[in-house]
Structure formats: structure tokens, C-alpha cells
2 protein chains.
Amino acid sequence: MAEQDNRYRERLLESGLKVTRQRLALLAAISQSETPLTAEELFMRLRRDFATLSLSTVYRALDTLCEKKMVSRSVLMDGGRAMFEIAPETHGHNLICTVCHKIVPIQGCPLRDYEDSLARSTGYVISGHKLEVYGVCPQCQSKSHAV
Amino acid sequence: MAEQDNRYRERLLESGLKVTRQRLALLAAISQSETPLTAEELFMRLRRDFATLSLSTVYRALDTLCEKKMVSRSVLMDGGRAMFEIAPETHGHNLICTVCHKIVPIQGCPLRDYEDSLARSTGYVISGHKLEVYGVCPQCQSKSHAV
DNA sequence: GTCTTTGCAAATCATTTGCATGGAA
DNA sequence: TTCCATGCAAATGATTTGCAAAGAC
């Protein structure tokens, strides 16, 4: 825990950012969650032991951390609010259950080769992509059978 | 034009929706655009020859038409506002220029086989996905060279 | 005539911004 | 000490909702 804390401390400094309690707490909270969280969710979690924290600080810190690639932002199907997760070192995507909204990472990305062929066929210089896959997880499948 | 109008008329009726001027105008406007449009953009286009139209009608009609699969909604990278396009009969995705924000459709989808293998490896029943690819279009590439 | 759809205005939700204070380097 | 970061409150932007009037079937 303290080691991880120090890793974040270093990365903040490397990025030219100041090490603040709120940023460290944010990074700790995001990294402790297995699924991406909304700004509001993070705010509520941190509020427990950080009474004076402000929601706009959460938004500002998330913006900054996204710029520095320490955190990444994804968008859910409904289009409502943004979700945040620790930027994974290996590029990948999420698989989202449309029933319970559980989010699990998919390891690997099926689009590397595709991007190359797309670049060739369109003349675009491809810079990236956003992919989310939707489905029903095994647990929710068995629940619906049980009814 | 009148033929297309009639096709939409039918599809509305089939879906159990009433055929209204505003819905027909909306469908016409969306189908006449080569790129997806925001609700606001549609509103402004329709306002030209439809002075009393209300923005909330546009939102409501778009919601309804998305439910009935006549229109589809996509999300831009920045996460701001939703964009709408006529639901394509063949599943495909968009390629978005990060400089001029031009949006062009990509024919074909690289993920069909991938979804099958993902279903096998995860136990999920895959229902769909959202994919957007980002890059710089040939025009914007040459413009930046020119500088 | 009945039930849906619309227009308008007000409400809501997520996110952003201005500004003075507080805190890290 | 010098800026960057934070807290608070107010602003913004996109989208939604309540309600009465208008329109489609």
C-alpha cells in the first residue's frame, strides 16, 4: 500500500504535478476498485475519510491525471457520465454486462492489425480507437434462467 | 424524396408510432446528412422551415426512433453530446478525424469473429459493441505539411 | 373521441469555471 | 516565496420532464 503510494508520488513528480493528499487519495481509490468509477462515485468514496473534499477537485484531478496518462476515461453506452480507471499499461478494452453493469477488462485488443489495413485503405493516420463490448455475464444469465 | 418519405411513413406505422410532420422532417434531415448530427444541429436545420419546432421534440423523437432502431446514437471521443445517424442496414463503424472532426463510415466490422471467440473465452452472451476509430484524414495531413 | 405527440418553460444531471484561500516545492 | 491546487458557489451545456394544447388515427 505504501509502496503503491510511493509509485504514484513519483509519477506525479515526473509529470510535473504536485503531490497532494487529494490526488494520492484519488489514485488509491481508483486503483483499489476492480471496475471503472464515475467522478461522483469517487467523490463519495473519498468523502468518507476526507470531509472537506470538493467534487470539482475530483473533476480537476481526474482531468489532469488523464492528461498525464495516469488515469484513463471511458464512456458508457448510455452516454451519461464518464468513467475513470487507472490507465492500464497494456492497451485493452472493457466488457460490460448490460444487466448488472459489471465491467471486466478484456486482455488484448483485436484491432491492431485492423488499424493498419484501415490506414492503408483510407489514407488516414490512425491515432487510436474506442471500443466497448456489451453482453450478459454468466451470473446474470443463470439468474434469468432461475426465474 | 417522396419515395423515401413513404418508406419512413411505413416504418413509423410498423413500429406503432404516429406519422407526424416533425418525425418525417427529422428522418429526412438525418438521412440527407453524410455525417452524424447532434440534436442541436438537427434542431437548427429543421427550424429553417419549421419555425415552431421545439428542441425537446427533437430529443424525444430521436429517443423514440433509436428505440425503434430507425436511428442510431453514437458518442464522440470528448464525451460531450450525442450524435445521431440513420441506423445503417449493415453494421459498421465510424472513422473520425481528430483535426477537422469529419466523420466517415467504415464499411464492414472487424469484430464479428472476435465476438464469438470472446463469448467462448468469457462465458458472456455478447449482444453488441461500440467502436469508433480516430485518426487524421488525408486532407488534414497535407494541410499540416503545408505549414 | 381517444390516446399520442408537441411546445414551452422549468428542472435536472454531469461537468466546468471564477475567485480567493491554502498548500507544496 | 512562488505558483499550483483546492474549496466553494455559481455558471454552463446537454438532455429530460410536467403539463396543457394540438394532432393523428
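Heavy-atom basis, side chains included; hydrogens, waters and symmetry copies ignored. Here is how names work: the chains are called A, B, and so on, in the same order as the sequence lines, proteins then strands, and each is numbered from 1.
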Item to check | Any A:Thr57 side-chain nitrogen or oxygen under 4.0 Å from OP1 or OP2 of D:dG7 | outcome: yes
Checklist entry - Pairs in or reaching into residues 43-55 of chain B: which pass side chain to side chain donor-acceptor pair (under 3.5 Å), with residues at least two apart or in two chains? => result B:Ser54-B:Ser56
Checklist outcome for this item: Whole-Å distance, B:Arg23 CZ to D:dA24 P, equals 11 Å
Checklist entry - According to a strict under-4.0 Å criterion, is B:Gln22 in side-chain N/O contact with OP1 or OP2 of C:dG7? => result yes
Checklist outcome for this item: Which of A:Glu34, A:Glu85, A:Met83 passes side-chain contact (heavy atoms from CB on, under 4.5 Å) with A:Ile103? It is A:Met83
Checklist entry - So, are B:Arg112 and B:Asp116 salt-bridged, with charged N and O less than 4.0 Å apart? => result no
Next on the checklist: I need the CG-P distance between A:Leu37 and C:dT15, as an integer number of Å.
Outcome noted: 13 Å
Item to check | Nearest to side-chain heavy atoms of B:Arg81, which nucleotide of D:dT15, D:dC8, C:dT6 | outcome: D:dT15
Next on the checklist: Strictly below 4.0 Å: does A:Thr52 bring a side-chain N or O up to OP1 or OP2 of D:dG7?
Outcome noted: yes
Checklist entry - Nearest nucleotide by nearest heavy atom, which residue falls closer to the 5' end of DNA chain C, B:Gly16 or B:Ala51? => result B:Gly16
Checklist entry - Looking at DNA chain C, which of residues 38-47 of chain A put a heavy atom within less than 4.0 Å of it? => result none
Next on the checklist: Output one letter per nucleotide in nucleotides 16-25 of chain C: B when a protein non-hydrogen atom lies under 4.0 Å from the base, S when only the sugar-phosphate is that close, - when neither is.
Outcome noted: BBB----BBS
